[in-house]
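When a ligand or atom number is given, it counts from 1 through the structure's own listing order. Owing to the predicted nature of the structure, the values given are computational and were not obtained by experimental measurement. Along the sequence shown, residues are numbered consecutively beginning with 1.
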Amino acid sequence: MAALQSLLVCIVVAVSITVIPTSAQLSADFYNKVCPQALPAIRAVVKQAIFREPRIGASLLRLHFHDCFVNGCDGSILLDDTPSFTGEKTVLPNVNSVRGFDVIDDIKKAVDKACNRSLVSCADILAVAARDSVFLLDGPLYQVPLGRRDARTASLNDANRNLPPPFFNFPELLSNFQAHGLDLTDLVVLSAAHTIGLARCTTFRVRIYNDTNIDPSFAASAQQNCPSSGGNDNTLPLDATTRRFDTVYFNSLLKQKGLLHSDQELFKNNGTDSDKLVFKYSRNPFAFARDFSASMIKMGNLKPLTGNDGEVRLNCRKIN
Ligand code: HEM
Ligand SMILES: *[C@@H]1O[C@H](CO)[C@@H](O)[C@H](O)[C@H]1NC(C)=O
Ligand SMILES: *[C@@H]1O[C@H](CO)[C@@H](O)[C@H](O)[C@H]1NC(C)=O
Ligand SMILES: *[C@@H]1O[C@H](CO)[C@@H](O)[C@H](O)[C@H]1NC(C)=O
């Protein structure tokens, strides 16, 4: 019996030695034993923040995306500039644009209090806050794999190279996603995150004045809020139901009412695979909910730091 046990121990040890280095995996139950209060604490702060300001759900979802696309989901977007590096906050797609940092600070305080110590990484907080925002705005609920650790550096240049701008055309969008290990389906379903939130005039001005594949009355009405010069920070909703995580985004693309040039690039009505996906999700909210969840998990798994790499930050804005 003892011999059998030690044989089993040997097998278990051998398996874990061979398994651990090959791929450090995230797991949905990472905090379940060590701090079962962690995820409810995050949910409570997100819920309160959305109650105060519905748009914040969109902002939290976008923070996770912009974190993951720059050297993986490692909380790097949260770091303030330091003498030794310029972080990601001032890169063009982020400056005056990404928001929600104060909510992330509130979550970090609440979750550290609930766990009696600094246990949950800022990168995991971003992933859970994004998930909870989608769910609280009537979108799907999925299990988030956890166990990410936080980066000890950030890079403005890497943010510049990796975040897709709204003037990208379809091939540029697809190759940007492919460079992150994501495919056409991921591009189409994740772009539908634009079912919630707002965009500034400066990000869609060229589209509403100069694109031809745009509904004329939609363009005229957007121009009311976004003059051909000035008013850069005026905002418009990214779809008509900006507080609800639904499939109206896809219906808008079918009607040439995508607000961003990059949105309408996904639907040209000439029989591409991208067109077909937009058609499919506009008609099938269940397929959208399922595929969006899967793509969020895929995006959330981009190059996480795990094991002893990185750290668990005490303050999401700076390294320990
Ligand atoms: C496909 C390439 C994408 C491009 C070119 C793009 C571009 C943009 C732009 C220009 C804005 C408006 C920013 C501003 O006005 O300051 C925006 C907003 C937003 N984006 Fe994207 N995006 C893309 C993909 C994604 C993805 C994959 C997600 C999440 C999974 C996402 C989530 C959001 C959300 C939720 C907002 C609204 C934020 C708020 O209201 O605070 N986007 N995006
Ligand atoms: C934190 O401390 C409180 C009070 O001592 C205790 O009830 C709770 O179980 C602790 N939580 C964790 C995750 O250790
Ligand atoms: C639209 O195109 C015209 C002609 O190329 C250009 O002069 C104008 O500045 C463009 N408008 C915007 C808002 O980009
Ligand atoms: C669809 O139309 C766009 C321009 O509107 C063009 O660039 C693209 O090649 C077309 N695709 C097909 C399959 O016809």
Relative to ligand 1, is Thr235 under 4.0 angstrom through side chain, backbone, both or neither, heavy atoms considered? neither
Report the nearest protein non-hydrogen atom to atom 9 (O) of ligand 2: residue, atom name, distance rounded to 0.1 Å. Gln37 NE2, 3.9 Å
Quick one: does Leu198 get an N or O within less than 3.5 Å of an N or O on ligand 1? yes
Considering only non-hydrogen protein atoms, determine which one is nearest to atom 12 (C) of ligand 2 and report residue, atom name and distance to 0.1 Å. Asn116 ND2, 3.4 Å
With atom 27 (C) of ligand 1 as the reference point, say which of Leu61, Leu190, Leu173, Asp263 has the nearest heavy atom. Leu190
If only side-chain N and O atoms count, and only distance matters, is there a donor-acceptor pair under 3.5 Å linking Ser84 with Thr82? yes
Does atom 2 (O) of ligand 2 have any protein heavy atom closer than 4.0 Å? yes
Decide yes or no on salt bridge (charged side-chain N to carboxylate O under 4.0 Å, His left out) for Lys109 and Asp105, but give the supporting numbers first. CA-CA 6 Å; Lys109 281 187 202 118; Asp105 292 339; 5.8 Å; no
Ligand 1 contact on Ser59 by region, counting heavy-atom pairs under 4.0 Å: both
Here the atoms of ligand 1 under 4.0 Å from any heavy atom belonging to Thr203 are 10 (C), 14 (C), 15 (O)
With backbone taken as N, CA, C and O and side chain as the heavy atoms from C-beta onward, which portion of Leu187 lies under 4.0 Å from ligand 1: side chain, backbone, both, or neither? side chain
In terms of residue, atom name and distance, what is the protein heavy atom nearest to atom 14 (O) of ligand 3? Val206 CG2, 3.5 Å
Check the side chains of Thr241 and Asp246 for a donor-acceptor pair under 3.5 angstrom, ignoring hydrogens and angles. yes
Any side-chain donor near an acceptor of the partner, Ser295 and Asp186, under 3.5 Å: yes
Under 30°, 30 to 60°, or over 60°: which ring-plane class applies to Phe250 and Tyr281, parallel, tilted or perpendicular? tilted
Once the angle between the rings of Phe69 and Phe65 is folded into 0 to 90°, is it parallel (under 30°), tilted (30 to 60°) or perpendicular (over 60°)? perpendicular
Taking atom types as modelled, is there a side-chain donor on Asn308 or Arg149 under 3.5 Å from an acceptor on the other? no
Atom indices of ligand 1, in the order listed, that fall short of 4.0 Å to a heavy atom of Ala199: 12 (C), 15 (O)
May I ask you to identify the nearest protein heavy atom to atom 11 (N) of ligand 3, giving residue, atom name and distance to one decimal place in Å? Asn210 ND2, 3.1 Å
Report, in ascending order of atom number, the atoms of ligand 3 lying under 4.0 Å from any heavy atom of Arg205. 13 (C)
Measuring from atom 42 (N) of ligand 1, which candidate in His194, His261, Arg62 has the nearest non-hydrogen atom? His194
Please test Asp138 against Arg244 for salt bridge (charged side-chain N to carboxylate O under 4.0 Å, His left out), starting from the C-alpha separation and ending with a verdict. CA-CA 6 Å; Asp138 303 331; Arg244 242 183 95 90; 3.2 Å; yes
Any protein heavy-atom neighbour for atom 5 (O) of ligand 2 (distance below 4.0 angstrom)? no
Does an N or O anywhere in Arg55 fall below 3.5 Å from an N or O of ligand 1? yes
At under 4.0 Å between heavy atoms, what of Phe168 touches ligand 1? The answer is neither
What verdict does the salt bridge (charged side-chain N to carboxylate O under 4.0 Å, His left out) test give for Lys47 and Asp132, after you've listed the backbone C-alpha separation in whole Å, the side-chain angles of each residue and the deciding distance to 0.1 Å? CA-CA 8 Å; Lys47 196 170 179 178; Asp132 287 351; over 6 Å; no
Can you spot which of Asn94, Leu163, Val70 makes a side-chain contact (heavy atoms from CB on, under 4.5 Å) with Ile77? Asn94
Is the backbone N or O of Phe286 less than 3.5 Å from a side-chain atom of Asn284, with the two atoms forming a donor-acceptor pair by type? yes
Report the part of Pro93 in contact with ligand 1, treating N, CA, C, O as backbone and CB onward as side chain, heavy atoms under 4.0 Å; options are side chain, backbone, both, neither. neither
Quick one: do Asp158 and Arg161 make a salt bridge, cutoff under 4.0 Å? yes
Examine the proximity of ligand 1 to Leu260 and report which part, side chain or backbone, both or neither, has a heavy atom under 4.0 Å away. side chain
